[in-house]
Number of protein chains: 2
Amino acid sequence: MILKSQVEWALHCCAILAGLPEGRYLSTKALAEFHGLPKEYLSKALQSLSQAGLVHTTLGPSGGYRLARSPEELTFLDIVEAVEGKTRTFVCNEIRANNPCRPKDHCDSAPCAIARVMWGADEAWRQKLRSVTLADLGRTLAQELPPSLWQDTIDWVEDRAG
Amino acid sequence: MILKSQVEWALHCCAILAGLPEGRYLSTKALAEFHGLPKEYLSKALQSLSQAGLVHTTLGPSGGYRLARSPEELTFLDIVEAVEGKTRTFVCNEIRANNPCRPKDHCDSAPCAIARVMWGADEAWRQKLRSVTLADLGRTLAQELPPSLWQDTIDWVEDRAG
DNA sequence: CTAAATAGGGATATCCATTGTCCGTAATAG
DNA sequence: CTATTACGGACAATGGATATCCCTATTTAG
């Protein structure tokens with residue numbers, strides 16, 4: 001069970017978009033070139049972000065993507081769920097219902113106890129992702145990256161932003 | 001990203017094995033019949049548990065599986081990892097290395113900041129699974145299930161245990 | 001006004017993990 | 001000795017992830 005690589009791509013793209021000057025847009029082409037990713041396929045991940053309302057788009061030359069909200073209000077969970085979906089990682093198939101000892105009229109009062117534990121763990125995962133924003137990520141990167149690389153990257157992006 | 005159904009099967013099988021009298025064994029055939037699962041394929045999940053050392057096996061008639069440890073010492077994480085593997089749910093492909101602004105001799109001092117967040121969430125998920133034992137599950141079931149169904153199930157299992 | 005660039009989406013192909021079945025082998029209980 | 005079991009290898013079917021291609025509507029730049 002491994003997350004799609006599109007999740008990784010979307011997170012990195014959002015990290016870049018978080019550093020974009022107010023009101024500017026960055027195209028799929030630029031994002032693909034920056035990360036060394038296939039443009040057409042990356043486009044699908046960005047469309048997922050768009051459909052989830054996390055980013056804003058414009059058409060035409062100088063068009064592309066920008067964040068729809070402030071980096072403070074965009075969490076890892078928002079992005080992960082936009083790409084990967086919101087369905088829980090554990091699916092209960094109610095195999096307890098096959099217990100041959102069950103009376104036919106038996107009706108369960110609560111969800112399967114095993115599923116509840118698995119769903120609790122799933123929720124812990126989501127809670128952790130919900131607790132980190134793009135702004136947090138930006139602060140970490142600003143602190144860790146060599147200042148020259150940081151500045152060069154900002155310039156590179158601004159150069160290509162429409 | 002959804003866990004294999006084998007994980008669900010393994011958890012339910014372990015729940016049954018936890019209620020098995022000391023020293024007795026329960027066969028794949030009985031476990032498959034009880035849960036309404038394909039015997040041959042369920043066998044693969046049980047083999048995973050065996051390879052991970054979570055269960056003990058014997059051959060021949062009246063052979064089968066029993067827990068290798070006490071239910072108090074067997075966690076959900078043990079079972080999930082035995083079937084699903086221990087690899088993290090997020091794989092970092094180091095796409096940050098494609099940043100065209102990077103000097104060629106650049107060497108990263110730390111893992112990718114995005115990956116660290118994702119791995120943190122993965123660890124929170126595992127921690128939650130690690131905190132629940134088969135004994136906990138047994139207590140929950142004993143409390144929730146109708147006493148007659150609980151007893152009938154115990155009898156059914158004991159009837160088929162070798 | 002025109003041409004170029006863009007997001008969006010549908011169709012399609014490829015790859016790979018999951019799911020599932022089948023069979024042969026070694027070990028064991030009765 | 002015979003039936004039953006776990007185990008493991010081989011194999012097929014299915015479905016999702018990955019990737020590419022092409023068409024459309026829209027919008028900006030010139």
Side-chain angles (χ1 to χ4, degrees), chain A residues 1-10 13 17 23-33 35-66 68 80 82-85 87 89-91 93 95 160-162, chain B residues 1-10 13 17 23-33 35-66 68 80 82-85 87 89-91 93 95 160-162:
Chain A
M1 186 197 58
I2 289 180
L3 289 166
K4 318 191 216 200
S5 50
Q6 292 221 351
V7 171
E8 183 184 17
W9 301 357
C13 287
L17 293 180
R24 313 273 301 272
Y25 290 83
L26 198 60
S27 70
T28 306
K29 187 182 170 192
L31 286 166
E33 184 189 345
H35 293 111
L37 300 173
K39 180 170 85 84
E40 302 286 352
Y41 192 34
L42 172 63
S43 167
K44 306 293 185 186
L46 297 173
Q47 282 174 40
S48 295
L49 297 178
S50 171
Q51 283 167 5
L54 306 187
V55 296
H56 229 245
T57 70
T58 55
L59 291 175
S62 82
Y65 298 87
R66 68 170 172 81
V80 170
V83 175
E84 189 70 39
T87 57
T89 56
F90 180 85
V91 174
N93 293 108
I95 65 177
R160 280 156 183 85
Chain B
M1 188 196 58
I2 291 180
L3 289 165
K4 319 192 217 199
S5 51
Q6 292 222 353
V7 170
E8 183 184 16
W9 301 357
C13 285
L17 293 181
R24 312 275 298 274
Y25 291 83
L26 198 60
S27 70
T28 305
K29 186 182 170 192
L31 287 166
E33 184 188 346
H35 293 112
L37 300 174
K39 180 171 86 84
E40 301 285 351
Y41 192 33
L42 173 62
S43 167
K44 305 293 185 186
L46 297 173
Q47 281 174 41
S48 296
L49 296 178
S50 172
Q51 282 166 4
L54 305 187
V55 297
H56 225 250
T57 70
T58 55
L59 291 175
S62 81
Y65 298 88
R66 66 168 172 83
V80 170
V83 174
E84 190 70 38
T87 57
T89 56
F90 180 85
V91 174
N93 292 109
I95 66 176
R160 282 156 183 83

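Naming: A, B, ... by sequence-line order, numbering from 1 per chain.
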### Query
How does protein reach along nucleotides 25-30 of chain D, written 5' to 3' as B (base within reach of a heavy atom under 4.0 Å), S (only sugar-phosphate), or - (no contact)?
-BBB--
### Message
Does C:dG8 have its OP1 or OP2 closer than 4.0 Å to a side-chain nitrogen or oxygen of A:Gln51?
### Response
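For C:dG8, neither OP1 nor OP2 has a side-chain N or O of A:Gln51 closer than 4.0 Å.
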Please work out if [X] contacts a base, only the sugar-phosphate, or nothing of the nucleic acid, heavy-atom cut-off 4.0 Å.
{"X": "B:Tyr65", "result": "sugar-phosphate"}
{"X": "B:Ser50", "result": "sugar-phosphate"}
{"X": "B:Gly64", "result": "sugar-phosphate"}

### Query
Counting side-chain heavy atoms from C-beta on, which of D:dC7, C:dT18, D:dT5 comes nearest to B:Lys4?
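My answer, after comparing the listed nucleotides, is C:dT18.
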Which atoms form the tightest heavy-atom contact between [X] and [Y], and what is the distance?
{"X": "B:Glu8", "Y": "A:Val91", "value": "OE1-O, 3.6 Å"}
{"X": "A:Arg160", "Y": "A:Ala30", "value": "CB-CB, 4.3 Å"}
{"X": "A:Leu42", "Y": "A:Cys13", "value": "CD1-SG, 3.9 Å"}
{"X": "A:Leu26", "Y": "A:Leu31", "value": "CD2-CD2, 3.7 Å"}

Interatomic distance, [X] [atom1] vs [N] [atom2] [rounded to whole Å]:
{"X": "B:Leu49", "N": "D:dA6", "atom1": "CG", "atom2": "C1'", "value": "13 Å"}
{"X": "A:His56", "N": "C:dG8", "atom1": "NE2", "atom2": "P", "value": "11 Å"}
{"X": "B:Arg66", "N": "D:dT5", "atom1": "CZ", "atom2": "P", "value": "18 Å"}
{"X": "B:Gln47", "N": "C:dA27", "atom1": "CD", "atom2": "P", "value": "16 Å"}
{"X": "A:Arg160", "N": "C:dA5", "atom1": "CZ", "atom2": "P", "value": "15 Å"}
{"X": "B:Ile2", "N": "D:dG15", "atom1": "CD1", "atom2": "C1'", "value": "12 Å"}
{"X": "A:Leu3", "N": "C:dA17", "atom1": "CG", "atom2": "C1'", "value": "15 Å"}
{"X": "B:Leu42", "N": "D:dA6", "atom1": "CG", "atom2": "P", "value": "10 Å"}

Extract all donor-acceptor atom pairs below 3.5 Å that involve side chains of residues 46-65 of chain A and protein atoms in other chains or at least two apart in sequence.
from	atom 1	to	atom 2	distance (Å)
A:Gln47	NE2	A:Ser43	OG	3.1
A:Ser48	OG	A:Lys44	O	3.2
A:His56	ND1	A:Arg66	NH2	3.4

### Task
Using heavy atoms to find the nearest nucleotide of DNA chain C for A:Thr57 and B:Gln6 separately, return the residue whose nucleotide is more 5′.
A:Thr57
### Contacts of type side-chain contact (heavy atoms from CB on, under 4.5 Å), residue A:Glu84, not counting sequence neighbours
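Only A:Leu3, A:Lys4, A:Val7, A:Val80, B:Met1 meet the side-chain contact (heavy atoms from CB on, under 4.5 Å) criterion with A:Glu84.
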Check nucleotides 19-22 of chain D against the protein and report each pair of N or O atoms closer than 3.5 Å, with its distance, or say if there are none.
from	atom 1	to	atom 2	distance (Å)
D:dC22	N4	A:Glu40	OE1	3.4

### Closest-nucleotide 5' rank along DNA chain D - winner of B:Thr28 and B:Met1
B:Thr28
### Pairing residues for A:Thr89 by the side-chain hydrogen bond (donor to acceptor under 3.5 Å, both in side chains) criterion, not counting sequence neighbours
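Here the qualifying residues are A:Asp122.
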